[in-house]
2 protein chains.
Amino acid sequence: MALLRGHAGLRRIVAAQLHDAHELTVNEYEALLLLDEAPDSRMRGVDLAAGLQLTPSGVTRLLDGLRARGFIERAHCPQDGRVAYAVLLDAGRAKLRRAACSHVAEIKALLAERFSDQELATLAALLSRLPGAGCSGEGTGGSMHAACPQRAADA
Amino acid sequence: MALLRGHAGLRRIVAAQLHDAHELTVNEYEALLLLDEAPDSRMRGVDLAAGLQLTPSGVTRLLDGLRARGFIERAHCPQDGRVAYAVLLDAGRAKLRRAACSHVAEIKALLAERFSDQELATLAALLSRLPGAGCSGEGTGGSMHAACPQRAADA
DNA sequence: GCTATCTTGTTGACCACTCAATGATATCCC
DNA sequence: GGGATATCATTGAGTGGTCAACAAGATAGC
């Protein structure tokens with residue numbers, strides 16, 4: 001029951017740290033992460049929306065911001081005129097590398113001061129059963145978000 | 001790690017249900033809940049802010065909305081001209097009763113379909129260690145948010 | 001080939017919240 | 001008493017997201 005409230009505080013702290021230190025939203029950070037893991041460092045907006053649990057319009061605005069700051073660029077798909085790829089640029093990758101370092105450290109510190117390793121494992125196992133908990137760790141490889149190699153709906 | 005993402009989905013679902021069925025925000029719901037549990041059904045804005053993990057301005061706006069709909073009223077504190085109590089009205093209490101029913105059922109259903117009772121207990125025990133996880137269940141009584149009997153800082 | 005339907009992305013209006021600044025009142029200390 | 005400081009609430013501006021409506025392209029049925 002106190003799940004909602006408890007987590008809100010954690011998210012707030014992490015968001016504040018990420019924002020102050022790197023001028024990034026949590027969703028912006030995770031978007032960069034998803035793009036970095038995706039083949040060709042590019043994803044369709046709709047897949048990004050699924051991965052981030054965001055509405056399409058939310059993705060549009062998020063990508064607007066990332067593009068304005070030079071972290072990504074937009075690319076049209078030659079086979080499908082509707083899709084607009086988001087492509088991770090070098091600047092974006094560099095930003096991600098820098099942010100990931102302190103971001104991961106911050107979270108680890110926050111959790112380590114409250115839980116033992118075993119408790120953390122238990123927690124992770126349980127929480128991964130929640131809806132939309134695609135394991136977005138730091139080095140997975142992106143196994144489940146249909147990362148659009150070249151027009152996935154072509155067959 | 002996937003903690004953040006996993007929880008976001010849950011919160012979204014609950015928020016949507018609460019909004020569609022009762023025209024209430026999660027924070028509005030919890031504000032009514034806190035007021036209902038508080039002595040005299042009234043709280044100071046600052047205590048509400050602490051309980052809801054919200055900024056003072058957020059509380060002001062939230063209370064504006066609740067007052068406009070007749071769920072609460074504002075009352076001045078005779079001993080301290082700065083504080084503006086939020087007082088739960090009958091309409092607000094009725095709203096809370098109605099919403100609590102389906103809200104609690106919804107959450108229970110969501111969790112029950114994914115976790116066993118024991119897992120839930122484990123989860124709750126762990127998560128209650130997170131910052132700001134004051135156990136805001138359904139019948140606690142409000143033990144820790146300094147519910148302002150009559151001007152708490154008077155002594 | 002043409003129309004109907006589905007997908008993808010964008011836009012406008014809005015919402016809940018934040019931060020920074022402000023006003024008003026209380027408290028402390030001399 | 002009177003000034004410095006702290007506390008409580010509100011306001012204005014800005015942000016990150018939603019929903020509803022829409023435009024444009026892809027697909028399917030016939």
Side-chain angles (χ1 to χ4, degrees), chain A residues 8-9 11-13 15-20 23-31 42-50 52-69 72 74-86 146 148 150-155, chain B residues 8-9 11-20 23-31 42-69 72 74-86 146 148 150-155:
Chain A
R11 188 171 186 92
R12 193 179 319 275
I13 294 173
Q17 189 269 342
L18 206 46
H19 191 82
D20 292 352
E23 298 272 324
L24 278 180
T25 302
V26 175
N27 278 333
E28 286 173 340
Y29 171 82
E30 300 215 358
R42 70 183 55 204
M43 284 179 78
R44 304 186 304 164
V46 67
D47 297 323
L48 223 29
L52 295 171
Q53 302 221 102
L54 231 53
T55 55
S57 51
V59 170
T60 293
R61 267 133 191 166
L62 186 144
L63 293 181
D64 282 350
L66 290 179
R67 190 183 42 181
R69 287 185 274 167
I72 65 162
R74 308 289 265 164
H76 295 289
C77 180
Q79 291 95 348
D80 189 334
R82 295 169 300 181
V83 330
Y85 285 114
C148 181
Q150 284 279 21
R151 183 105 166 293
D154 211 6
Chain B
R11 188 171 188 90
R12 192 178 321 274
I13 293 174
V14 170
Q17 189 269 343
L18 207 45
H19 191 82
D20 292 352
E23 298 272 322
L24 279 180
T25 302
V26 175
N27 279 333
E28 286 173 339
Y29 172 81
E30 299 215 358
R42 68 184 55 204
M43 284 179 77
R44 304 186 304 164
V46 66
D47 297 323
L48 224 28
L52 296 171
Q53 301 220 100
L54 230 55
T55 56
S57 51
V59 169
T60 294
R61 268 131 192 168
L62 185 144
L63 293 181
D64 284 348
L66 290 179
R67 189 183 42 181
R69 286 185 275 167
I72 65 162
R74 308 289 264 163
H76 295 289
C77 180
Q79 291 95 347
D80 189 333
R82 294 168 301 180
V83 329
Y85 284 113
C148 183
Q150 284 278 20
R151 182 103 165 298
D154 211 7

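In what follows, every chain begins at residue 1, and chains take the letters A, B, ... in the order their sequences are listed.
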Applying side chain to side chain contact (heavy atoms under 4.5 Å, CB included) to B:Ala75 and not counting sequence neighbours gives B:Arg42, B:Tyr85, B:Val87
Excluding sequence neighbours, so at least two apart, what forms side chain to side chain contact (heavy atoms under 4.5 Å, CB included) with A:Thr60? A:Asp64
What is the distance from [atom1] of [X] to [atom2] of [N], rounded to the nearest Å?
X       : N      : atom1 : atom2 : answer
B:Gln79 : D:dT7  : CD    : C1'   : 16 Å
B:Asp80 : C:dG23 : CG    : P     : 19 Å
B:Tyr85 : D:dC8  : OH    : P     : 11 Å
B:His76 : C:dG23 : NE2   : C1'   : 14 Å
A:Asp20 : C:dT18 : CG    : P     : 14 Å
B:Leu24 : C:dC15 : CG    : P     : 15 Å
A:Gln53 : D:dG17 : CD    : C1'   : 14 Å
B:Leu62 : D:dT10 : CG    : P     : 12 Å

Closer to the 5' end of DNA chain C via nearest nucleotide, is it A:Asp64 or B:Leu54? A:Asp64
Nearest nucleotide by nearest heavy atom, which residue falls closer to the 5' end of DNA chain C, A:Arg12 or A:Val59? A:Val59
Residues which pass side chain to side chain donor-acceptor pair (under 3.5 Å) with A:Arg12, listed by chain and number, not counting sequence neighbours: none
Results of side chain to side chain donor-acceptor pair (under 3.5 Å) for B:Arg61 - residues two or more places apart only: none
A:Arg82 side, atom CZ; A:Arg44 side, atom CZ - distance, nearest 0.5 Å: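 CZ of A:Arg44 is found 8.0 Å from CZ of A:Arg82.
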When you measure from the side-chain N and O atoms of B:Asn27 to the phosphate of C:dA16, is any distance below 4.0 Å, counting only OP1 and OP2?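 No, B:Asn27 has no side-chain N/O under 4.0 Å of OP1/OP2 on C:dA16.
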Presence of A:Arg44 side-chain N/O under 4.0 Å of C:dT8 phosphate oxygens OP1/OP2: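 Indeed, a polar side-chain atom of A:Arg44 lies that close.
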What heavy-atom pair brings [X] and [Y] nearest, and what distance separates the two atoms?
X       : Y       : answer
A:Leu48 : A:Ala86 : CD2-CB, 4.2 Å
B:Leu66 : B:Ala31 : CD1-CB, 4.3 Å
A:Cys77 : A:Val83 : CB-CG2, 3.0 Å

Does any non-hydrogen side-chain atom of [Y] lie less than 4.5 Å from one of [X]?
X       : Y       : result
B:Leu62 : B:Thr25 : no
B:Arg69 : B:Leu24 : yes
A:Val26 : A:Glu30 : yes

All salt bridge (charged side-chain N to carboxylate O under 4.0 Å, His left out) counterparts of B:Arg74, not counting sequence neighbours: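 Counting only residues at least two positions away or on another chain, B:Arg74 forms no salt bridge (charged side-chain N to carboxylate O under 4.0 Å, His left out).
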Considering only C:dC17, C:dT10, D:dA9, which nucleotide approaches the side chain of A:Arg74 most closely? C:dT10
Candidate nucleotides C:dT10, D:dT11, D:dA24, ranked by approach to the side chain of B:Thr60 - the nearest: D:dT11
Pull out every protein N or O sitting under 3.5 Å from an N or O of nucleotides 19-23 of chain D, one pair per line with the distance.
| unit_1 | atom_1 | unit_2 | atom_2 | d |
| --- | --- | --- | --- | --- |
| D:dC19 | N4 | A:Ser57 | OG | 3.0 |

For B:Gly45 and A:Pro56, find the nucleotide of DNA chain D closest to each by heavy atoms; which residue's nucleotide sits nearer the 5' end? B:Gly45
Extract from the structure each pairing of a protein N or O with an N or O of nucleotides 2-4 of chain C at less than 3.5 Å, listing the distance.
none

Five pairs at each end of the helix from C:dG1-D:dC30 to C:dC30-D:dG1: take the axis at both ends and give me the angle between them to 10°. 20°
